[in-house]
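Some notes on the structure that comes next.
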Amino acid sequence: MDGEDILNEAEAFALGHLKDEGSMDPVLSELVVHALEFPLHYRVTRLEARWYIDAYTRRDDRNAMLLELAKLDYNMVQAAHQIDMINISRWWKNLDLPKQLPFVARDRLVECFLWTSGVVPEPQYKMSREVVTKLTTLVTVIDDVYDIYATLDEVKLFTDAIERLQLYLSLIKMHAISNSNTFHCIEFKVKFSTMYRWDVSAVEQLPDYMKLCYMAIFNTTNEIGYDILKEQNFNAETERGDVLKSVQCYMHNNGVTEDVAREYIRKLADEAWKKMNAELWVDSPLPEALVKVVINFTRTSEIMYQYGDGHGIQDFETKDLVLGALVDTLPII
């Protein structure tokens, strides 16, 4: 740090003697040269670990068990990173931007991941590596678009579209956080979609190649936002399948017990059935087959959620439904 004069003098003294040392042990010399090249404090932890493991392997006094443990640890973390890279590469391949935008000079997915894995190497931070790698890869592409291909007018249009997107996503984030307990309620979603609509007018003015870039950013950020919401458990259920989302929302909003909430939701479902039944007796502009689809969907919903979350939880009731409908045949006497 600034002002540490004694350490500055010690550094100068050590550097001078270490650089002039000509008869040093080869193993020690390797360590000294490496240290003089770049301070340990400046180095990427994972890359430095790999280098030191290789250097330690060449020492005659190495501890075999310690060396094996270090290699296992490194390989385990590396394996986790490899899985991350496979998943991110699949995303990049599906996005197909380099092929759609041949003028893009830099396809730097691996390099972006190297950056990210250097910043957050711990295996448990998988989502952080994925998010930052995706965003930095897209930023690299957009940087090439701005610097190499786009006109000034196109850049202005694209910047305006991105700023509107940023506002839209910020509103989503703020409203989702402030309404975390009701984020999955149908009433909330309808209210939210009415209050905050994505402004597409700015996108429609973009040239086709910029629309591709924009949609890549939009879809990726929405995907990331959805994953983060799941990670933060923005789900009205206390445990998957224990209670229905609508039941939990009504309990939270009205301060009632689960039995009262279930009775209320059942009443709503019964009222909805009455309305659908009435529609079956009037002439409909819709094809009869489509009307039947709606009715059958409602019926299936009833049996799947009759005893809880029959779709999300493989309980005995759901198993019996599957066996009865798809597996077990009726015996022929």
Side-chain angles (χ1 to χ4, degrees), residues 168-169 171-200 219 222-223 225-328 330:
Y168 172 76
L169 295 175
L171 291 172
I172 290 179
K173 178 181 178 182
M174 289 187 294
H175 211 133
I177 292 174
S178 61
N179 295 272
S180 59
N181 289 319
T182 59
F183 187 73
H184 287 274
C185 297
I186 295 176
E187 294 85 355
F188 173 78
K189 291 181 179 179
V190 172
K191 178 181 177 182
F192 180 81
S193 63
T194 303
M195 293 173 61
Y196 302 129
R197 294 185 181 275
W198 175 34
D199 186 359
V200 298
N219 291 335
N222 271 286
E223 174 189 329
Y226 176 73
D227 290 340
I228 291 174
L229 288 176
K230 288 196 301 181
E231 184 74 15
Q232 296 298 322
N233 198 27
F234 280 164
N235 191 319
E237 301 176 14
T238 56
E239 184 176 344
R240 183 175 176 85
D242 284 352
V243 289
L244 301 179
K245 295 182 177 68
S246 55
V247 172
Q248 188 74 9
C249 289
Y250 189 80
M251 291 172 60
H252 174 79
N253 291 337
N254 297 277
V256 298
T257 64
E258 181 177 335
D259 289 340
V260 173
R262 285 185 179 277
E263 183 178 351
Y264 176 79
I265 298 301
R266 181 66 259 173
K267 182 179 179 181
L268 290 181
D270 292 339
E271 293 296 325
W273 266 113
K274 292 177 182 178
K275 292 179 181 179
M276 286 189 292
N277 291 337
E279 291 297 323
L280 294 176
W281 291 95
V282 300
D283 292 333
S284 173
L286 301 174
E288 181 181 351
L290 180 58
V291 175
K292 186 179 293 186
V293 166
V294 174
I295 296 299
N296 286 339
F297 179 82
T298 308
R299 290 169 177 159
T300 307
S301 299
E302 285 278 18
I303 64 169
M304 290 298 294
Y305 295 101
Q306 183 177 359
Y307 302 105
D309 187 358
H311 182 79
I313 302 296
Q314 295 178 324
D315 52 20
F316 290 109
E317 287 80 10
T318 304
K319 181 180 179 181
D320 289 342
L321 291 174
V322 172
L323 291 175
L326 305 174
V327 179
D328 295 337
L330 291 173

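Source: prediction; values computed, not measured. Numbering of residues begins at 1 and proceeds along the displayed sequence.
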- prompt: Taking 4.0 angstrom as the limit, do Lys274 and Asp270 come out as a salt bridge?
  reply: no

- request: Grab the two heavy atoms, one from Glu258 and one from Met251, that are nearest each other, plus how far apart they are.
  value: CA-SD, 3.5 Å

- prompt: So with a 6.0 Å cut-off around CD of Glu223, is the heavy-atom count from everything else above 12?
  reply: yes

statement: Between the CZ atom in Arg266 and the CD atom in Glu271, the distance rounded to the nearest 0.5 Å is 11.0 Å

Side-chain touch Val260/Tyr264, heavy atoms, less than 4.5 angstrom: no

